[in-house]
Amino acid sequence: MLELRNVCKKFDNKIVLDNMNLEIRNGEIVSMLGPSGSGKSTLLNIILGLIPMDSGQLLFEGQDISRVSMKDRGFNIVFQDYALFPNLNAYGNIAYGLKNQTRGFSKAELEELIDFLELRPHLSKRIDQLSGGQKQRVALARTLATKPKILLLDEPLSALDGVIKETIKTRIKAIAARYNLTTIIVTHDPEEALTMSNRVLIIDQGHISQYGTPAQVIHTPANPFVEQFILKQLEIKRDNIYHLFQKCHA
Ligand code: ADP
Ligand code: MG
């Protein structure tokens, strides 16, 4: 279990995360949902260990990891822009994290992952020869190969178009199940959050607005922000919520 206790963060005297308390159970897919600028990426990067919090505590499996380095936490992220190395081909990117590592995938596990993500035909391609969806699978493979204890995904669908989005959603769920991986997904899209995750954390200007299952969020929105944010962005009427809800559990 990952626990956040009273996590606070300011940038230039502006409060970005205001006293966040949160628990994420092992094996769960949790989406962090909120409008642009609400603090989602900051929270993700604090969990990763890339940026420090001002105050508060982070616990993993009961241990205080607040001061543990990014490397020693053993979590890993797929950044929104993938951050692939342009000087390496697809395979070079996928295998990159395994150099000088004891924890990562074995050769056999890596081969299985390459097939699981259907990357075999693309291994020798340069990064600029890959489509958006292929780049994302390479980035996912590179991250998964390091055997992260928690997988963090920052806006994994935002750079992709409609048709491929559904495939990626299914794939992310399959990966979480296949590797029994705790997965935290940042998104500004309510439909993505509600259809991909076991629980949704709704963030409004650095505050937790609601944390619950998709069913709880849909049926009992905690406050007008949740209701507005979800209903407005989905542009749905109450009747259609049930259709969406069925999709959540498809
Ligand atoms: P989100 O991912 O929800 O769009 P962010 O976590 O990126 O939001 O940003 C939250 C707020 O913190 C924004 O107002 C943003 O401008 C500010 N912010 C983020 N990173 C920095 C930084 N490195 N320096 C100063 N301000 C930042
Ligand atoms: Mg962001």
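Quick note: numbers below take in every heavy atom, side chains included, and nothing from hydrogens, waters or symmetry partners. Atoms within a ligand are numbered from 1 in the order they appear, just like the ligands themselves.
In this structure, Q57 places its CD atom where more than 12 heavy-atom neighbours from other residues, nucleotides or ligands lie under 6.0 Å away. Other residues, nucleotides and ligands contribute over 12 non-hydrogen atoms within 6.0 Å of the CZ atom of F116. In the displayed structure, Q63 atom CD is contacted under 6.0 Å by at most 12 heavy atoms of other residues, nucleotides or ligands.
In this structure, G206 has no heavy atom closer than 4.0 Å to ligand 1. The closest approach between a heavy atom of K14 and any atom of ligand 1 is below 4.0 Å.
Below 4.0 Å from some heavy atom of P35 lie the following atoms of ligand 1, by number and element: 3 (O). Listed by atom number, the atoms of ligand 1 under 4.0 Å from D12 heavy atoms are 25 (C). Set against the non-hydrogen atoms of S36, the atoms of ligand 1 under 4.0 Å away are 4 (O).
A salt bridge does not link K14 to D12: none of the charged nitrogens lies less than 4.0 Å from a carboxylate oxygen. A salt bridge links E28 to R199: one of the charged nitrogens lies within less than 4.0 Å of a carboxylate oxygen. We find that R25 and E23 are not joined by a salt bridge, their nearest charged nitrogen and carboxylate oxygen being 4.0 Å or further apart. The pair K10-D54 does not meet the salt-bridge criterion, since no charged nitrogen lies less than 4.0 angstrom from a carboxylate oxygen. Contact check on E191 versus K165 returns no salt bridge, with no Lys/Arg side-chain nitrogen under 4.0 Å from an Asp/Glu carboxylate oxygen.
Checked by atom type and distance alone, the side chain of D18 never pairs as donor or acceptor with a backbone atom of G206 at under 3.5 Å.
Counting protein heavy atoms only, atom 9 (O) of ligand 1 is closest to T42 OG1, 3.8 Å. Among all non-hydrogen protein atoms, the one lying nearest atom 12 (O) of ligand 1 is V16 CG2, 3.4 Å. At the shortest separation from atom 7 (O) of ligand 1 among protein heavy atoms lies S41 CB, 3.8 Å. Of all protein heavy atoms, the one lying nearest to atom 19 (C) of ligand 1 is F11 CE1, 3.5 Å.
Closest approach of D72 and K149 over heavy atoms only: O-NZ, 4.4 Å.
Distances from atom 15 (C) of ligand 1 to the protein include no heavy-atom value under 4.0 Å.
In terms of polar-atom proximity, defined here as any N/O pair under 3.5 Å, S38 does make such a contact with ligand 1.
By heavy-atom distance, the residue among G37, G39, G34 lying nearest atom 4 (O) of ligand 1 is G37.
Counting only protein N, O or S atoms, the number found under 2.8 Å from the Mg ion (ligand 2) is 1.
Proximity of L58 to M53: side-chain heavy atoms (C-beta onward) are separated by under 4.5 Å at one or more points.
Note: Y179 and F105 have tilted aromatic rings, judged against thresholds of 30 and 60 degrees for the angle between ring planes.
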